[in-house]
Structure formats: structure tokens, C-alpha cells
Amino acid sequence: MKIGYPCINRSIACRGNRTFRLASYSEERLFATVAENLRCLAAMLRYNIEHTLLFFRITSDLVPFASHPVCAADWRGRFAADLAAVGEYVRETGTRISMHPDQFVVINARDSDIVERSVAELCYHADLLDAMGLDTTAKIQIHVGGVYGEKERSLERFVRAYTTLDETILRRLVIENDDRRYTLADCLRVHDETGVPVLFDRFHHEVHSSGESPRDAVISAAGTWRAVDGVPMVDYSSQQPGGRRGNHAETIDPDNFRAFLAESAPVDCDIMLEIKDKEKSALLAAAIAATDPRFAAPR
DNA sequence: AATGGTCAAGTCAGC
DNA sequence: GCTGACTTGACCATT
């Protein structure tokens with residue numbers, strides 16, 4: 001069991017998700033931004049190892065506009081050595097990596113242009129992880145997509161679109177239950193038809209579920225991961241007190257997290273903390289999890 | 001230097 | 001019909 005946080009570390013000097021306006025796009029600007037983001041990614045990974053955090057989500061903004069038609073720059077070639085070096089560090093430290101493309105990736109959209117842009121974005125994510133030399137345990141997580149007032153047909157459209165995806169994407173793609181549209185049960189149905197692993201989101205399940213207990217839910221989702229996919233990933237968060245229903249917590253609720261460790265005890269899993277104060281809560285989570293027999297310490 | 005409007009992309013609930 | 005939320009705030013023109 002590895003503990004992690006998404007994309008940004010607030011304790012170190014750089015952010016790693018620098019971007020710029022499309023209007024100011026140039027190859028020079030792109031290369032400068034990617035160089036800075038990669039430098040910072042390496043710094044965040046080092047911080048994580050020093051703090052027993054072995055799970056990290058890489059921002060989709062690492063290469064801004066990578067899947068946009070404006071981007072003709074050969075960032076794969078330009079940064080091949082740097083990406084390989086970061087990937088080598090990931091491998092030698094045993095760090096687990098995920099990515100989570102933005103909400104704009106909707107592969108079950110009715111509009112074929114949206115599907116096309118979504119596939120291009122998935123290609124970028126797969127290319128990036130490939131360029132880092134990471135194996136198929138490095139995952140790309142997406143939601144099933146839109147409902148459009150016809151869930152059955154929309155689920156079918158997902159399955160159809162999924163089967164046309166390139167193998168470089170398929171070997172990394174996993175689906176996650178969301179907080180408004182597709183429940184864990186929906187995702188498990190998609191798994192039955194496609195084999196796609198299901199990433200269980202504990203908080204989304206609390207906000208929008210088909211009634212399963214968290215314990216049963218995490219066991220069901222974990223059963224969809226094959227050995228080649230690695231230890232099942234789960235997203236963890238809790239309700240922000242006083243916030244709107246579904247708002248992610250600003251900081252970790254230790255009791256709630258302990259309860260989740262107990263609920264998930266039957267399976268091993270890597271836990272991504274989707275909590276707004278990032279590494280701060282992840283550090284506390286790792287300290288809490290350190291006594292759990294599943295907890296994986298840095299090598 | 002500070003600030004506020006705006007930013008590639010989609011869906012949908014809530015107003 | 002518009003805004004906010006979503007895994008996340010940052011860019012940049014203007015003052």
C-alpha cells in the first residue's frame with residue numbers, strides 16, 4: 001500500500017504545472033515550460049521519497065497543449081533523455097504513477113469531434129508514460145463520460161469507443177466511478193464487457209452510489225485489476241465540513257481515513273488522497289498508515 | 001507590485 | 001441561459 005497526492009506539492013519552491021496562454025504559444029515557450037515542469041517533477045518525486053510517499057499523480061499540464069493542433073513541436077524528441085531519467089528514478093524508487101486527464105476527455109460523446117480530441121489527449125498521456133519507460137502499472141484514469149439522458153446507450157457507446165482504442169492506451173486505461181453520473185455498479189458492468197480495471201473512488205461512492213458498503217465496493221473494484229495492472233489504485237477523500245455536498249475536504253479527517261483503512265483491509269491498494277492541501281494531508285495519512293501491515297516503505 | 005478578468009477542450013445540476 | 005464544480009489555479013493585461 002502506497003500513499004500519494006495529486007500533481008502539486010506546496011512545500012517546495014516550484015509547482016510543476018506551469019502553462020501559458022494558447023495565444024502566446026511558441027515552440028520556444030513550450031520547451032521552456034516543459035523543461036521547468038520536468039525539473040519540478042523530479043524535485044517533487046525526491047520530496048516524496050524523503051517523506052515515505054510512494055504514489056504520485058503527474059499533472060496533465062506537464063506538456064501544455066500537447067494534444068492541440070497548434071502543437072507541432074517534437075517534445076518527445078527534445079525531452080527524450082529527461083523523460084527517461086525521471087522514469088528511471090520512478091522505477092528505482094518504486095514510485096507508483098497515475099495520471100487523470102481533464103473532464104474534457106469523453107470517449108462516449110455523441111459528437112465524433114469530441115471523441116477524436118479525447119483520443120488525442122489519451123494518446124498524449126500514454127506517450128508521456130511510455131517516454132518515461134514506465135510499465136503498465138502506471139495508469140491513466142478517466143470517467144465513463146456523459147449520460148445524455150440515455151444511460152444504456154451511452155454505456156454502449158463507451159464500450160464501442162473503448163474497443164477501437166490503440167493498445168498503447170488500452171494497457172494503461174482505467175475507469176473511475178464519478179459523483180454524479182456513473183456509479184461503481186455502472187463501472188463494473190463496463191468492466192464485464194471490456195475488461196477495463198475499475199479505480200474505486202471512496203468519496204464519489206459516498207456521494208453517488210448504488211448502495212454497496214464501502215468494504216464490498218473496494219473488494220469488487222480490486223477484483224477488476226490483473227497482475228499486469230499492479231496493485232489496485234483507489235481515490236480517497238472526505239466531505240469538507242460545512243461545504244456543499246461532494247466538496248473535497250481541505251484537509252484530511254484522520255478518523256475517516258482510519259475507517260477507510262479498516263474498510264479496505266481485505267485488499268491491498270495504493271491510495272491517492274484527493275485532498276486540497278495535498279502533501280500535507282498525505283504526510284499525515286502515511287503516518288497513520290505506517291502501522292498498517294500493507295504499508296510499503298521506500299526502498 | 002498588485003489585481004482582476006480570463007483561460008483549449010465537456011457535462012450537468014442548480015440557480 | 002448562465003455559473004460552478006470537477007483531480008488543480010495560473011497567465012497576463014492593466015493599473
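With sequence neighbours excluded, no residue forms a ring pair (Phe, Tyr, Trp, His ring centres under 6.0 Å) with A:Y182. Checked against ring pair (Phe, Tyr, Trp, His ring centres under 6.0 Å), A:F65 has the following partners two or more places apart in sequence or in another chain: A:F20. Residues satisfying the ring pair (Phe, Tyr, Trp, His ring centres under 6.0 Å) test with A:F257, not counting sequence neighbours, are A:Y236.
Donor-acceptor pairing under 3.5 Å is lacking for the side chains of A:D277 and A:Y5. Checking A:E212 against A:S210 by side-chain atom types alone, a donor-acceptor pair falls below 3.5 Å.
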Going by atom type alone, with no hydrogens or angles, which donor-acceptor pairs under 3.5 Å involve a side-chain atom of residues 109-116 of chain A and a protein atom two or more places apart or on another chain?
| unit_1 | atom_1 | unit_2 | atom_2 | d |
| --- | --- | --- | --- | --- |
| A:D111 | OD1 | A:D113 | N | 2.8 |

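Salt bridge annotation for A:R294-A:D268: absent, with no cationic side-chain nitrogen under 4.0 angstrom from a carboxylate oxygen. Ion pairing between a basic and an acidic side chain is recognised when a charged N comes within 4.0 Å of a carboxylate O; A:E36 and A:R39 show such pairing. Residues A:D130 and A:R171 are paired through a salt bridge, judged by an N-O separation under 4.0 Å between the basic side chain and the carboxylate.
Comparing C:dG9, C:dT7, C:dC6 against the side chain of A:H100 picks out C:dT7 as the nearest.
The distance from atom CG of A:D179 to atom C1' of C:dG4 is 13 Å, rounded to the nearest whole Å. Atom P of nucleotide C:dT7 and atom CD of A:Q141 are separated by 9 Å, given to the nearest angstrom. Across the protein-nucleic acid pair, A:F20 atom CZ and C:dA13 atom C1' stand 18 Å apart, rounded to whole Å. For the pair A:E274 CD and C:dA5 P, the interatomic distance rounds to 16 Å; values are reported in whole Å. As a whole-Å value, the separation of A:M44 CE from C:dT8 P is 15 Å. In this entry the distance linking CE of A:M233 with C1' of C:dT7 reads 14 Å, nearest Å. Atom CG in A:D235 sits roughly 14 Å away from atom C1' in C:dT8 (whole-Å rounding). As a whole-Å value, the separation of A:D201 CG from C:dC6 P is 12 Å.
Among the protein residues, A:H208 comes within range of no part of the nucleic acid, since none of its heavy atoms lies under 4.0 Å from any strand. The residue A:N247 sits close only to the backbone: its heavy atoms come under 4.0 Å of sugar-phosphate atoms, none of a base. The residue A:E121 sits close to a base: some heavy atom pair falls under 4.0 Å.
Listed by first and then second residue, the side-chain hydrogen bond (donor to acceptor under 3.5 Å, both in side chains) pairs that reach into residues 19-32 of chain A come to none, sequence neighbours excluded. Residue pairs that meet the ring pair (Phe, Tyr, Trp, His ring centres under 6.0 Å) test with at least one member in residues 82-113 of chain A, sequence neighbours left out, are A:H100-A:H143. Judged as a disulfide (SG to SG under 2.5 Å), not a single pair has a partner in residues 116-187 of chain A (not counting sequence neighbours). The ring pair (Phe, Tyr, Trp, His ring centres under 6.0 Å) contacts involving residues 273-299 of chain A comprise nothing, where partners must be two or more places apart or lie in separate chains.
C:dC2 and B:dC7: their P atoms are spaced 15 Å apart (whole Å). For the P atoms, the distance from C:dC6 to B:dT3 is 26 Å, rounded to whole Å. Between C:dT7 and C:dT3, the distance separating the two P atoms is 22 Å to the nearest Å. To the nearest whole angstrom, the two P atoms, one in C:dG9 and one in C:dA5, are 13 Å apart. Using atom P as the reference point in both C:dA10 and B:dG10, the two lie 23 Å apart (nearest Å).
The two residues A:Y124 and A:T59 come nearest to each other via the heavy atoms OH-O, 4.4 Å.
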Pairing annotation in dot-bracket form, given for DNA chain C with Watson-Crick or G-U pairs under 3.5 Å and | for cross-strand partners: ||||||..|||||||

Protein proximity profile, nucleotides 10-15 of chain B - base contact B, sugar-phosphate-only contact S, no contact -, cut-off 4.0 Å on heavy atoms: BBBS--

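DNA chain B is contacted by A:F65, A:S67, A:H68 of residues 50-70 of chain A, taking any non-hydrogen atom closer than 4.0 Å. Residues from residues 21-43 of chain A with heavy atoms under 4.0 angstrom of DNA chain C, sorted by number: A:R21, A:S24, A:R29.
For the pair A:K278 and C:dT8, the criterion of a side-chain N or O lying under 4.0 Å from OP1 or OP2 is not met. Between C:dT7 and A:H204, a contact under 4.0 Å exists linking OP1 or OP2 to a side-chain N or O. In terms of phosphate contacts, A:H143 brings no side-chain nitrogen or oxygen within less than 4.0 Å of OP1 or OP2 of C:dC6.
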Using the side chain to side chain contact (heavy atoms under 4.5 Å, CB included) rule, take A:M99 and A:L129 through it: C-alpha gap first, then chi angles, then the decisive distance, then the call. CA-CA 9 Å; A:M99 297 188 76; A:L129 296 172; 4.0 Å; yes

